[in-house]
Protein chains: 2
Amino acid sequence: MPNELHHELAPVDRAILRVLRDNARTPNKAVAEAVGIAPSTCLTRIRSLCERGVIRGFHTDVDPGALGLGVQAMIAVRLHSHAPRHVAAFVKGAPDLPGVLSVFHVAGPDDYLLHVAAADTAALRDFVLEHLTAHPAVQQARTSLIFGQVRGAAAGAAG
Amino acid sequence: MPNELHHELAPVDRAILRVLRDNARTPNKAVAEAVGIAPSTCLTRIRSLCERGVIRGFHTDVDPGALGLGVQAMIAVRLHSHAPRHVAAFVKGAPDLPGVLSVFHVAGPDDYLLHVAAADTAALRDFVLEHLTAHPAVQQARTSLIFGQVRGAAAGAAG
DNA sequence: GCTGAAAATAGTTAGTA
DNA sequence: TACTAACTATTTTCAGC
């Protein structure tokens, strides 16, 4: 997470972000009204926020179950400290593995946390065996089934 | 995650979701063009997807660093199996704790994973001490600093 | 950098097959 | 259910402050 805070965020910008965080499809005009500035000004600010990297994207939250992905899991992955080549390959490829929602690089005994979705527990098992256990960089993979997930109040920054 | 799949998702709907997943602010007209249907039809389908709960929301991905939240952590929380009253209270309040991005209810030795953001490591420590360690329902809290996070290719469903 | 109005573009509804 | 077309609203640009 490369983070250069060139200058503090203006209160107006914070207000804009608060609105867009909860509904990214809020029309520009409505955002402008909510924060008390002209639509044209609001548009300029939103663009600026995007260009400065404060806004990293607008995403639609889709129910994975509707896409046939009925189960989710958090998988703690420990890598071999040797074989840096393999490790680099794994890290590069992990986000593109099928069903991977997010990859967290963490401190501590585990190196990575993979948040994944799969059709069912059988598919989840296959995912772990095929893409994790079998990978030369992976030393250990501990899978925790996710019963449920709730977005926090601070979500949006950054889910 | 309550998931009733009444009927399979139409290919058009899947196409619409693919477009909106990567950019939730894509104008309806552009979505319609991309998937090859009329704007009015597209609007109807998107609304239907929202009503059926397939689309759960449109969120803006904000750089937490820009908001003064410089560090993130994944905290594994183990609760006391007794004292169900306290447990219920904790679970209910957890998403609203300051800086909480997401709460995962997981199977296994740990009960919950809290994805949190804080201003700095001192603030993170205070968060753990004040809201977790001190809580009567919490038996143990293991904090793992997050070095970095990458969205997976399947993200959007559901991050 | 903000505003406000004009021009361009998009969202929405109604009517029809 | 999807389309065309008319209507309404919004986005976006730009000259002036």
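Per chain, numbering begins at 1; letters A, B, ... match sequence-line order.
Sorted by first and then second residue, the side chain to side chain donor-acceptor pair (under 3.5 Å) pairs with a member in residues 30-51 of chain B read B:Asp13-B:Arg45, B:Ser48-B:Arg52; sequence neighbours excluded.
Take B:Phe58 and apply the ring-ring contact (aromatic ring centres under 6.0 Å, His included) test, not counting sequence neighbours, and it matches no residue. Judged as a ring-ring contact (aromatic ring centres under 6.0 Å, His included), and not counting sequence neighbours, the contacts of A:Phe90 are A:His135. Remark: A:His86 engages no residue in a ring-ring contact (aromatic ring centres under 6.0 Å, His included) (not counting sequence neighbours). Qualifying side chain to side chain contact (heavy atoms under 4.5 Å, CB included) partners for B:Thr26, counting only residues two or more places apart in sequence or in other chains: B:Val19, B:Leu20, B:Asn23, B:Ala30, B:Val31. Residues passing the side chain to side chain contact (heavy atoms under 4.5 Å, CB included) test with B:Gln140, sequence neighbours excluded: B:Arg78, B:Arg142. B:Ala88 pairs by the side chain to side chain contact (heavy atoms under 4.5 Å, CB included) definition with nothing, not counting sequence neighbours.
In this structure, CD1 in B:Ile55 is found 10.5 Å from CZ in B:Arg21, a value given to the nearest 0.5 Å.
Within residues 30-44 of chain B, the residues approached by DNA chain D to less than 4.0 Å at the level of any non-hydrogen atom are B:Ile37, B:Ala38, B:Ser40, B:Thr41, in residue-number order.
Think of the region where chain A sits on DNA chain C: with heavy atoms and a 4.0 Å cut, that region ends 5' and 3' at C:dC2 to C:dG4. When DNA chain D is scanned in the 5' to 3' direction for atoms under 4.0 Å from non-hydrogen atoms of chain B, the outermost contacting nucleotides are D:dT1 to D:dT4.
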Let me have the donor-acceptor pairs involving side chains of residues 119-131 of chain B, under 3.5 Å, with sequence neighbours excluded, atom names and distances please.
from     : atom 1 : to       : atom 2 : distance (Å)
B:Asp120 : OD1    : B:Ala122 : N      : 3.2
B:Asp120 : OD1    : B:Ala123 : N      : 2.8

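Each end of the helix from C:dG1-D:dC17 to C:dA17-D:dT1 gets its own axis, taken as the rotation carrying the C1' atoms of four end pairs onto the next four within a five-pair window, and the two axes meet at 30° to the nearest 10 degrees.
Aromatic ring pairs are classed by plane angle as parallel below 30°, tilted from 30° to 60° and perpendicular above 60°; the pair A:His105 and A:Tyr112 is parallel.
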